[in-house]
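Below you'll find the structure, written out as structure tokens, and then a few comments.
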Amino acid sequence: MLESGVGTVDSIERDLLDSQAGHSLLWARQLEAIRHLDLAQVDLVDGCRSMIEWIASRLDVSQSTARDLVLVAKATDTQVERLLAEGEIGLDRAVAMVRLRLAGAPDDLVSQSFGYDLAGVARLTAALKRINSAEETGTFELRYLVMQRSLDESALKYWGQAVGADAEAIEKALLQRSDEFPDLPGVDRSQKMADAMSSICLDSLTGGSEGRAVTVAEVFVDAGLATQTKGELGVTLSSGSRVGPNTLSEILCTGRVRVIMEDNGGRPIVVSKLGEAIPPATRAQVWRRDQGRCVIDGCPSRYRLQPHHIKHRADGGDSDLENLALICWYHHHVAIHQLGLRLDLSTPPQRRRFIGWRQTTGPP
């Protein structure tokens with residue numbers, strides 16, 4: 001029982017369904033009225049460009065709702081009109097049925113469509129649409145990819161559209177790569193897809209996913225800003241991307257880095273050599289000791305294995321063999337340097353587990 005005077009859940013549900021049936025009856029009456037007004041060309045009389053514009057204005061509804069009403073009214077589908085008048089379907093279902101029938105569906109398929117939700121009916125309709133060469137070419141010409149940096153230059157947004165075999169290849173590649181990544185706390189499927197995109201781009205830049213990943217980066221540091229803000233301001237990459245302590249710590253941990261210190265006017269005051277964070281001989285020793293596998297417990301990945309500084313270089317860690325552990329790109333890039341997890345040193349060296357969330361306390 002709900003609050004006094006409101007009624008039971010069942011009675012409220014019945015009221016909801018009854019009100020929906022009443023809406024359906026009103027829609028049926030509106031459709032009949034729209035059909036007669038369209039024959040009278042009321043839109044032209046009132047100076048509107050179309051019946052859709054006239055309905056949107058007079059009924060104070062969106063263009064899409066007005067377009068749906070005109071579609072169903074002009075279809076004069078007796079089955080749809082009967083079901084609406086009887087309160088059996090709503091306007092959205094009526095639109096879906098009309099579109100399915102206009103696509104060439106026989107009566108039995110239209111009847112079977114009641115067993116599908118609205119998205120399923122839309123798929124049935126799409127499957128009936130013929131695609132000729134001209135349409136296929138036109139659709140292909142609509143492909144695009146847009147990349148836009150955020151206002152503070154700290155992130156890159158990208159979106160677009162692909163068609164045909166390209167769409168199939170992109171979807172399969174991203175799904176397959178994301179499925180190869182382990183599950184991490186707080187990381188959902190969409191985030192793993194973004195990580196998959198990043199890793200595939202890395203493969204393209206470095207010639208494949210095999211071998212020992214080495215990052216080459218130039219880091220520009222505004223000495224004054226970086227010192228005052230503990231690395232939260234004044235650090236950019238050569239591409240112009242602004243980064244914070246976590247990303248800079250990862251770059252210093254994994255790759256060859258040239259650090260360029262600048263004064264307030266942007267003039268270089270110190271330029272380091274392009275040094276490698278971990279000497280090649282030490283890197284080879286780590287690879288051999290950890291048997292070319294990620295040391296995280298239960299992880300079988302060999303993808304972009306990277307020696308990781310157990311004590312971060314940002315915290316004064318060195319590149320001695322004892323301070324290094326071989327970890328796959330996903331655990332290293334996502335879990336450690338971006339999500340802030342750290343290795344549990346009480347676990348066995350070849351079965352490391354994560355603990356806690358690392359808090360950045362100072363600039364690398």
Side-chain angles (χ1 to χ4, degrees), residues 119 143-150 153-215 217 237 239 241-251 253-255 290 292-309 312 325-344 347 351-360:
R143 73 195 186 284
Y144 70 96
L145 177 65
V146 175
M147 296 184 292
Q148 181 181 46
R149 290 216 176 257
S150 59
E153 297 290 331
S154 64
L156 177 69
K157 298 179 181 179
Y158 50 87
W159 64 94
Q161 175 175 293
V163 299
D166 294 340
E168 181 83 358
I170 292 170
E171 183 180 36
K172 282 188 174 180
L174 291 176
L175 288 173
Q176 179 177 313
R177 180 60 59 83
S178 65
D179 286 341
E180 293 173 2
F181 296 149
D183 292 328
L184 291 175
V187 178
D188 61 25
R189 184 58 180 269
S190 66
Q191 292 170 315
K192 289 176 72 173
M193 292 281 278
D195 296 330
M197 175 79 78
S198 298
S199 71
I200 291 172
C201 291
L202 281 173
D203 291 350
S204 175
L205 290 173
T206 57
S209 61
E210 299 297 328
R212 305 168 187 181
V214 176
T215 302
L237 304 182
S239 64
S241 297
R242 294 181 59 245
V243 299
N246 289 351
T247 301
L248 186 52
S249 178
E250 180 179 4
I251 292 172
C253 181
T254 60
D290 293 338
R293 290 183 178 275
C294 180
V295 300
I296 301 302
D297 190 17
C299 180
S301 177
R302 291 176 178 266
Y303 176 72
R304 291 192 171 278
L305 295 168
Q306 301 171 331
H308 163 65
H309 292 79
H312 293 274
L326 196 62
I327 299 180
C328 70
W329 174 83
Y330 190 74
H331 277 128
H332 195 211
H333 169 66
V334 177
I336 294 176
H337 284 293
Q338 298 303 322
L339 296 182
L341 292 171
R342 53 192 174 87
L343 298 181
D344 183 352
T347 54
R351 297 186 60 188
R352 295 292 192 192
R353 295 186 178 181
F354 291 117
I355 57 172
W357 294 86
R358 184 173 67 85
Q359 299 295 325
T360 301

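Along the sequence shown, the residues carry numbers beginning at 1.
- Taking every heavy atom of both residues into account, Asp344 and Arg352 meet most closely at O-NH1, 3.5 Å.
- A donor-acceptor pair under 3.5 Å is formed between the side chain of Ser198 and the backbone N or O of Ala194.
- Under a cut-off of 6.0 angstrom, the local environment of CZ in Arg353 is sparse, with at most 12 non-hydrogen atoms contributed by other residues, nucleotides or ligands.
- Within the 4.5 Å cutoff, no side-chain heavy atoms of Lys157 are placed close to those of Val146.
- The backbone N or O of Gly292 sits less than 3.5 Å from a side-chain atom of Arg302, completing a donor-acceptor pair.
- Counting heavy atoms from C-beta on, the side chains of Arg177 and Asp195 never come closer than 4.5 Å.
- Under a cut-off of 6.0 angstrom, the local environment of CD in Glu171 is sparse, with at most 12 non-hydrogen atoms contributed by other residues, nucleotides or ligands.
- Atom CD1 of Ile296 is separated from atom OG1 of Thr347 by 8.0 Å, given to the nearest 0.5 angstrom.
- Scanning all heavy atoms of the two residues, the minimum distance from Ala325 to Val295 falls at CB-CG2, 4.0 Å.
- Between the side chain of Tyr303 and the backbone N or O of Glu180, no donor-acceptor pair lies under 3.5 Å.
- Gln191 places a side-chain N or O within 3.5 Å of a backbone atom of Asp188 that can act as its donor or acceptor partner.
- Of all non-hydrogen atoms in Arg189 and Ser178, the two that sit nearest each other are NE-OG, 3.5 Å.
- Side-chain contact between Ile355 and Arg342: present, with at least one pair of heavy atoms (C-beta onward) separated by less than 4.5 Å.
- Under the 4.5 Å side-chain criterion, counting only non-hydrogen atoms from C-beta, Asp179 is not in contact with Lys192.
- For the atom pair CG (Leu326) and SG (Cys294), the distance works out to 7.5 Å, reported to the nearest 0.5 Å.
- Looking at Leu305 and Asp290, their side chains never come closer than 4.5 Å, going by heavy atoms from C-beta outward.
- Between Ser199 and Phe181 the shortest side-chain heavy-atom distance falls below 4.5 Å.
- Considering only heavy atoms from C-beta on, Leu339 stays 4.5 Å or farther from Phe354 through its side chain.
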Open item on the list: The test is side chain to side chain contact (heavy atoms under 4.5 Å, CB included); show your working for Leu174 and Ile200 and say whether it passes.
Closed with: CA-CA 8 Å; Leu174 291 176; Ile200 291 172; 4.0 Å; yes

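- For the atom pair CH2 of Trp329 and OG of Ser301, the computed distance is 10.5 Å after rounding to the nearest 0.5 Å.
- Looking at Arg304, its side chain does come within 3.5 Å of a backbone N or O of Leu202 through a donor-acceptor pair.
- Between His308 and His332, the ring planes lie perpendicular to each other; the angle is over 60°, past the 30° to 60° tilted range.
- The structure places SG of Cys299 at 9.5 Å from CZ of Arg293, a figure rounded to the nearest 0.5 Å.
- The nearest pair of heavy atoms linking Ala167 to Ala162 is CB-O, 3.5 Å.
- Of all heavy-atom pairs spanning Val163 and Gln161, the tightest one is CG1-NE2, 4.3 Å.
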